[in-house]
Amino acid sequence: MMNGGREFNFDGLVGPSHNYAGLSFGNVASFNSVRSASNPRQAALQGLTKMRTLASRGFAQAVLPPQCRPNFELLRNVGFTGSDADVIARAYKQAPAILSSAYSAAPMWAANAATVSPSADTDDGRVHFTVANLNSKLHRSYEHTQTERSLRAVFGDSRHFAVHAALPSTPAFGDEGAANHGRLCAAHGAQGIEIFVYGRVEFDAQAAAPRRFPARQTLEASQAVARLHGLDDSRTVYVQQNPEVIDLGVFHNDVIAVANGNVLFYHEQAFLDEAATLHALRCAMAETEATLLPIRVGSAEVSVADAVSSYLFNSQLLSKPDGRMVLVVPQECRETDAVARYLQDLVESGVVIDELLSFDLRQSMRNGGGPACLRLRVALSAAEAAAMHQGVIMTEPLYENLAAWVEKHYRDRLSPSDLADPSLALEINTALDELSGLLALPGLYA
Ligand code: SUG
């Protein structure tokens with residue numbers, strides 16, 4: 001048990017190169033937005049508004065910084081030579097998809113930064129982080145280097161925190177972080193069970209797998225993370241995602257299910273074997289003080305297609321001090337009839353979720369990132385919260401500073417051809433130099 005446990009949500013601050021490049025095959029929104037113009041300034045402000053609102057409601061909120069772009073190392077490693085401006089011009093001409101990949105702002109989706117196990121669950125009583133290798137997409141496969149540096153900067157106190165480097169970057173260990181991980185517990189500070197949802201099994205040719213779209217998470221990766229974190233087998237559950245929903249655009253489990261406290265809010269088609277999954281969760285939870293409260297959404301109420309387009313399950317389920325929960329949904333949920341109806345009934349039913357909060361996150365949504373994608377959950381005891389770097393905790397002054405910083409440095413329009421403009425790289429550099437000062441993290445990008 002740990003005392004005074006609270007869940008911090010670390011939201012990724014959208015970087016200045018947010019753009020729509022259609023890089024994520026299997027992510028329907030990313031594909032549909034390909035080559036349209038983005039608005040990085042609006043994207044960052046939409047994310048900051050969510051952070052500010054939740055912080056002002058008393059939820060523990062923090063921010064994870066964006067990453068330096070473009071990634072010149074990637075561009076040079078694949079043969080683009082000359083000055084930085086030459087490298088950009090050559091990449092744009094010969095391989096625009098690689099230039100977009102080097103400019104990706106995808107670290108904004110902090111749920112993919114790492115998998116996190118709170119200290120109540122681990123054998124050495126520290127909070128463990130394993131940085132995700134994100135090796136299934138080129139534009140995400142190099143994020144882990146800076147992510148590891150950022151997490152070490154925030155969680156540098158090794159008495160409380162252990163940050164593990166990404167797993168080997170090979171298909172057997174495809175790892176997408178907390179997007180395929182959940183936790184069920186009586187309270188955030190109490191011992192809980194950890195759920196690892198995987199899409200395929202590398203070393204079992206007979207195991208079910210999707211046919212159309214890739215499964216990004218392997219069982220082998222999930223098991224490696226559980227080992228690194230020193231989790232107890234009896235409180236660790238591995239669940240296979242339903243390959244059919246991966247083929248319908250559910251590229252991460254957090255697009256079809258979310259857990260908080262003792263509640264599992266999920267779609268009936270989320271898992272390969274629903275009954276076996278619930279049974280395994282209940283057995284593991286018998287080791288804890290929590291009793292499972294499943295909230296199951298049937299296909300007759302909300303189809304998988306509506307769940308994917310509205311991102312109903314990519315919501316944040318947050319515990320309020322009175323023990324009730326608020327569901328933080330994207331605005332699209334209010335605009336999708338079946339989902340809006342379902343949500344109204346849910347809140348009126350009186351089952352634990354008694355409030356809805358919706359946000360306009362359209363800039364992120366158009367790349368397949370809803371409220372839950374944008375945040376990494378880190379449950380911390382009071383002592384751990386005090387031991388982490390304090391400069392990233394969202395306060396009203398930090399919000400004001402970051403919003404002003406975005407207004408000053410971000411463009412309000414970025415089309416695919418703008419990535420060829422070498423001044424964009426310089427603008428980003430200047431902006432990030434200033435940001436490390438605002439977050440009191442000198443050397444963040446060293
Ligand atoms: O990895 N989109 C991200 C969205 C990540 C959502 N995260 C969670 N579900 N937790 C992805 O597919 C699109 C980038 C582009 O196409 O420009 C992108 O990377």
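Everything quoted here is computed from the prediction, not taken from an experiment. Order of appearance sets the numbers: ligands from 1, and atoms from 1 within every ligand. For this chain, numbers begin at 1 and follow the sequence in order.
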### Query
Which option out of Ile256, Asn367, Val34 puts a heavy atom nearest to atom 2 (N) of ligand 1?
Asn367
### Query
Heavy-atom distance under 4.5 Å between the side chains of Ser24 and Phe213, does that happen here?
no
### Query
What protein heavy atom sits nearest atom 11 (C) of ligand 1, and how far away is it?
Ser24 OG, 3.4 Å
### Any His139 heavy atom less than 4.0 Å to ligand 1
yes
### Task
Check whether the side chains of Asn9 and Glu7 place a donor and an acceptor atom closer than 3.5 Å, and report yes or no.
yes
### Query
Hey, does Arg216 sit under 4.0 Å from ligand 1 if you only count heavy atoms?
yes
### Task
Pick, from Asp254, Asn19, Val28, Leu376, the option with the minimum heavy-atom distance to atom 9 (N) of ligand 1.
Asp254
### Message
Please identify which of these residues, Arg216, Arg140, Gln217, Lys137, meets the side chain to side chain donor-acceptor pair (under 3.5 Å) condition with Glu176.
### Response
Arg216
### Task
Return the option from Phe313, Trp109, Phe31 holding the heavy atom at the smallest distance from atom 3 (C) of ligand 1.
Trp109
### Task
Provide the number and element of each atom of ligand 1 under 4.0 Å from a heavy atom of Ala111.
10 (N)
### Task
Report the nearest protein non-hydrogen atom to atom 17 (O) of ligand 1: residue, atom name, distance rounded to 0.1 Å.
Ala21 N, 3.0 Å
### Task
Between Glu176 and ligand 1, find which residue part has any heavy-atom pair under 4.0 Å and reply side chain, backbone, both or neither.
neither
### Summary
Nearest non-hydrogen protein atom to atom 8 (C) of ligand 1, with distance, is Cys373 SG, 2.8 Å
